[in-house]
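Keep in mind that what you see is a predicted model, and the values were worked out from it rather than measured. Residue numbers run from 1 in the order of the sequence given.
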Amino acid sequence: MKQKNILVLTAVTCAVIGTGTILFNVAAEAAMKDRMGQMETVPTSYQISDSLAAPLPEQETKEEGNTEVNYHVIMDSLYTETPRETDLTMEEAAAAGVQYLRNIFGMDLEGAYVYMGFNPGTVTFPRAFWSGDVLFEKERTPESTRWTFLIDAVTGELFMIGSGRQLEVSVSLGYDAALEKDYSVYAELAKKKAEECKLMNGPIDRVEYSCQGYSGNDPDITVNVIGENGEMISMSFSRYDQAFLGLTTDTARRISDTALENLSGGVETETITVEFDQ
C-alpha cells in the first residue's frame with residue numbers, strides 16, 4: 001500500500017511569491033517533519049550562478065559615527081533549527097538577502113526589521129536555506145507590507161525573493177482569459193527586469209506565460225523568462241498596476257523538481273493550498 005503524505009510545496013511557480021506564503025510553508029513542513037520523523041539528507045552540489053551570487057558584505061552602518069546599524073536583524077521565533085559550522089551566520093545571511101533586495105527591488109533598508117530563520121531543508125525543498133521576512137514595522141501582521149527572500153545557507157545563492165502588500169482598493173481576483181493569449185506587456189516587463197538586474201547567465205531566448213493567481217487582494221500573473229542556455233526564472237507581477245512582485249530562480253526550480261521526482265517514485269503526494277486572510 002502506498003503511503004500518503006500531505007506535502008506543502010515550498011518552491012513552485014504561482015505559490016511562493018505571495019505575502020507570507022514562503023515562510024508559512026517552511027513552518028508547516030518543519031512541523032510535519034517532526035511528526036513524520038527525520039527526513040533523509042539529499043546531497044547537493046554548490047555551483048553558484050555569477051549573476052545571482054550575492055556578495056556577503058559587512059552589516060551596513062550609519063555614517064554618523066559608523067556605529068549604529070541601519071537595519072535590525074532578529075531571529076524568527078518560528079524557526080528552532082541551529083545552523084551548522086558550514087552555514088552562513090544569521091548576520092551574513094541577512095546581509096546577503098538585503099543586498100538582493102537592494103539590487104532587485106531597489107530598496108533602501110534604513111530602519112527595516114529583518115526576521116531571519118534557518119531551515120536544514122524540507123521534504124519538497126531538500127537544501128539548507130536561510131529565509132528573511134523584511135518589514136518597516138516591528139510588529140508583524142498579515143496585512144503588513146513585507147519583502148521575503150530565501151537563500152542557500154552555505155553559499156548565499158538566491159532561491160526566491162518576493163513582496164506582498166494589501167491594496168487599498170477592491171479589484172477583481174478572477175482569472176483573465178485574455179492575458180493568456182496576450183501577455184506581451186508582462187513579457188516586456190520581465191525581460192527588462194532580467195536584463196537590468198543581470199538575472200540570467202546568458203542572452204534571453206523568450207518569455208512564456210505561466211499562470212495567474214493572487215496574494216491577499218492583489219491579483220498576479222507569472223511568466224517564465226527562458227535563456228538560450230535553457231535557464232528559466234519565473235517572475236510575478238501585479239495584474240492591478242503591473243508592479244513587480246518577485247521571482248523564483250532556476251536553481252530553486254531544479255531543486256524542487258528533483259525532489260518531487262524522487263518523491264513520486266513511491267509516495268503519493270498531495271498539495272495543500274493555504275489562503276491567508278489579509
Side-chain angles (χ1 to χ4, degrees), residues 9-25 49 51-52 97 100-108 132-135 142-150 158-200 203-227 231-253 256 273-276 278:
L9 192 58
T10 305
V12 289
T13 303
C14 296
V16 301
I17 298 179
T19 303
T21 306
I22 294 175
L23 304 183
F24 178 85
N25 285 351
S49 162
S51 58
L52 292 175
Y100 285 125
L101 288 172
R102 293 179 61 187
N103 292 346
I104 297 175
F105 279 95
M107 292 180 60
D108 178 2
D133 191 20
V134 182
L135 306 88
E143 294 79 19
S144 299
T145 298
R146 56 172 19 101
W147 293 260
T148 55
F149 59 82
L150 260 64
L158 181 65
F159 290 148
M160 288 171 274
I161 196 168
S163 64
R165 60 185 179 172
Q166 183 77 10
L167 297 180
E168 296 181 356
V169 296
S170 178
V171 297
S172 173
L173 302 178
Y175 177 76
D176 186 345
L179 276 181
E180 188 170 354
K181 297 179 180 179
D182 183 8
Y183 55 92
S184 57
V185 171
Y186 297 98
E188 287 301 317
L189 289 172
K191 183 178 179 181
K192 181 179 179 181
K193 172 64 72 172
E195 291 174 343
E196 287 181 347
C197 299
K198 299 180 180 179
L199 300 176
M200 309 290 286
I204 296 173
D205 179 57
R206 64 192 184 279
V207 180
E208 296 182 348
Y209 172 89
S210 177
C211 56
Q212 296 178 48
Y214 59 89
S215 174
N217 67 344
D218 193 359
D220 57 45
I221 179 174
T222 299
V223 295
N224 295 327
V225 183
I226 303 172
E231 180 183 10
M232 185 176 81
I233 293 179
S234 297
M235 290 191 190
S236 288
F237 298 86
S238 172
R239 286 184 276 142
Y240 166 64
D241 59 3
Q242 301 177 358
F244 172 70
L245 298 179
L247 63 86
T248 302
T249 67
D250 186 70
T251 300
R253 177 184 62 84
S256 184
T273 301
V274 181
E275 295 185 2
F276 290 84
Q278 299 187 23

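From Thr145, atom OG1 reaches atom CG of Leu135 across 8.5 Å, with rounding to the nearest 0.5 Å. With rounding to the nearest 0.5 Å, the separation of CD1 in Ile104 from NZ in Lys193 is 7.5 Å. Considering OH of Tyr100 and CG of Leu199, their distance stands at 10.5 Å, rounded to 0.5 Å. With rounding to the nearest 0.5 Å, the separation of CD in Gln242 from CD1 in Ile221 is 10.0 Å. Taking CG of Asp218 as the start and CG of Leu173 as the end, the distance is 8.5 Å to the nearest 0.5 Å. Separation of atoms CZ (Arg206) and CD1 (Ile204) is listed at 12.0 Å; rounding is to 0.5 Å.
Atom NZ of Lys191 has 12 or fewer heavy atoms from other residues, nucleotides or ligands within 6.0 Å.
When all heavy atoms of Pro219 and Leu167 are compared, the pair lying nearest together is CD-CD1, 4.3 Å. Val225 and Ala194 get closest at one heavy-atom pair: CG1-CB, 4.4 Å. Here the shortest heavy-atom pairing between Glu208 and Tyr183 reads CA-OH, 3.5 Å. Contact detail for Gly213 and Arg239: the closest heavy-atom pair is O-NH2, 2.8 Å. The shortest non-hydrogen separation linking Asn224 to Ser234 is OD1-OG, 2.7 Å.
A distance-only check finds a donor-acceptor pair linking the side chain of Thr249 to the backbone of Ala252 [under 3.5 Å]. At distances below 3.5 Å, not a single donor-acceptor pair connects side-chain atoms of Thr222 with backbone N or O atoms of Ser236. Under the 3.5 Å distance criterion, the side-chain polar atoms of Asp182 are matched with a main-chain donor or acceptor of Ser184. Between the side chain of Arg146 and the backbone N or O of Gly162 there is no donor-acceptor pair closer than 3.5 Å. Side chain of Asp250 to backbone of Met232: a donor-acceptor contact under 3.5 angstrom is found.
By the salt bridge (Lys or Arg N to Asp or Glu O under 4.0 Å) test, Asp241 is found to be paired with Arg165, residues two or more places apart in sequence or in another chain being considered.
Counting heavy atoms from C-beta on, the side chains of Tyr186 and Met235 never come closer than 4.5 Å. Counting heavy atoms from C-beta on, the side chains of Leu158 and Leu247 come closer than 4.5 Å. Here the side chains of Asn217 and Tyr240 are not in contact, with every heavy-atom distance at 4.5 Å or above.
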Kindly indicate, with the supporting measurements, whether the criterion side chain to side chain contact (heavy atoms under 4.5 Å, CB included) is fulfilled by Phe149 and Leu101. CA-CA 8 Å; Phe149 59 82; Leu101 288 172; 4.2 Å; yes

Test Leu245 against Ser163 for side chain to side chain contact (heavy atoms under 4.5 Å, CB included), laying out the working first. CA-CA 5 Å; Leu245 298 179; Ser163 64; 4.0 Å; yes

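Ser238 and Asp220 share no donor-acceptor pair across their side chains, judged by distance under 3.5 Å alone.
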